Amino acid sequence: MLKSRARGPVFLTHRRPGPGKVVSARDVCPDTGFARLSYGQARALLNAHTALGGPGTGWDLHEMRHSALTHLGEGGASLLMLMAKSRHKKTENVRRYFHPSPEAVAELTSLLGPGDRR
């Protein structure tokens with residue numbers, strides 16, 4: 001899916017935007033010049049290529065957003081950084097996406113206990 005790309009949009013079209021098309025710089029891969037897929041196109045392709053039990057059973061882009069914020073939070077990203085990454089303006093909205101694993105909560109709790117339990 002990424003084809004060894006390390007920056008730019010994840011889901012790309014197979015061509016550059018047309019000459020009359022006005023596209024934001026963040027919607028174009030800086031290496032290939034290819035444009036970002038629309039949300040609907042990306043959702044349909046991701047579902048088609050990950051569905052095991054028929055249409056509509058594949059991965060979900062929204063779940064990927066949840067997962068990404070959770071991994072960043074477990075990695076130590078602050079609430080302000082999570083808000084910047086997700087472009088949320090309210091902390092309540094970011095909290096909806098952040099679901100730490102029981103292991104991450106246990107490791108955090110172990111920091112409060114006497115001695116090193118890790």
Side-chain angles (χ1 to χ4, degrees):
M1 176 170 38
L2 296 176
K3 295 188 181 182
S4 73
R5 290 183 300 110
R7 59 189 185 145
V10 174
F11 300 102
L12 297 174
T13 62
H14 62 283
R15 59 183 174 200
R16 291 180 167 83
K21 182 86 170 169
V22 178
V23 181
S24 167
R26 66 177 237 201
D27 290 334
V28 176
C29 177
D31 299 323
T32 65
F34 294 161
R36 176 190 313 262
L37 283 177
S38 72
Y39 190 86
Q41 291 170 319
R43 183 180 57 228
L45 283 172
L46 186 65
N47 181 54
H49 290 284
T50 61
L52 297 175
T57 62
W59 293 357
D60 184 284
L61 288 173
H62 201 71
E63 289 173 7
M64 290 177 74
R65 182 177 184 167
H66 286 242
S67 178
L69 290 177
T70 296
H71 289 303
L72 288 171
E74 287 180 350
S78 69
L79 179 60
L80 290 176
M81 291 304 287
L82 292 174
M83 288 176 68
K85 176 68 179 160
S86 65
R87 296 190 190 105
H88 284 105
K89 306 250 185 289
K90 297 180 180 179
T91 57
E92 305 88 53
N93 296 338
V94 175
R95 280 188 245 162
R96 220 180 310 172
Y97 293 95
F98 181 60
H99 303 286
S101 66
E103 294 82 15
V105 173
E107 184 174 338
L108 182 65
T109 303
S110 73
L111 297 174
L112 298 172
D116 188 12
R117 295 183 194 168
R118 287 187 267 166

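Hydrogens, waters and symmetry mates play no part in the numbers below; they use all other heavy atoms, side chains included. Because the structure is a prediction, the values reported are computed rather than measured. One-based numbering along the sequence shown.
In this structure Thr13 satisfies the side-chain hydrogen bond (donor to acceptor under 3.5 Å, both in side chains) test with no other residue, sequence neighbours excluded. Checked against side-chain contact (heavy atoms from CB on, under 4.5 Å), Ser101 has the following partners two or more places apart in sequence or in another chain: Glu74, Glu103, Ala104. Partners of Arg43 under the salt bridge (Lys or Arg N to Asp or Glu O under 4.0 Å) rule, at least two apart in sequence or in another chain, do not exist in this structure. In this structure, the side-chain contact (heavy atoms from CB on, under 4.5 Å) partners of Lys90, at least two apart in sequence or on a different chain, are Glu92, Asn93.
A distance of 4.0 Å separates CZ of Arg7 from CG of Asp31, quoted to the nearest 0.5 Å.
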- Query: Could you go step by step and tell me if Leu79 and Met83 meet the side-chain contact (heavy atoms from CB on, under 4.5 Å) rule?
  - Reply: CA-CA 6 Å; Leu79 179 60; Met83 288 176 68; 4.2 Å; yes
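A donor-acceptor pair under 3.5 Å is formed between the side chain of Arg16 and the backbone N or O of Thr32.
Each of Met81 and Leu72 belongs to its own hydrophobic cluster when Ile, Leu, Val, Met, Phe, Trp and Tyr are linked at side-chain heavy-atom distances under 4.5 angstrom. Each of Val10 and Leu12 belongs to its own hydrophobic cluster when Ile, Leu, Val, Met, Phe, Trp and Tyr are linked at side-chain heavy-atom distances under 4.5 angstrom.
Residues in residues 76-87 take part in no salt bridge (charged side-chain N to carboxylate O under 4.0 Å, His left out) pair, two or more places apart or across chains.
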Which side-chain N or O atoms in residues 18-30 pair as donor and acceptor under 3.5 Å with protein atoms at least two apart or in another chain?
unit_1	atom_1	unit_2	atom_2	d
Ser24	OG	Arg26	N	3.4
Asp27	OD1	Arg36	NE	2.7
Asp27	OD1	Arg36	NH2	3.4

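Scanning all heavy atoms of the two residues, the minimum distance from Ser86 to Leu69 falls at CB-CD1, 3.8 Å.
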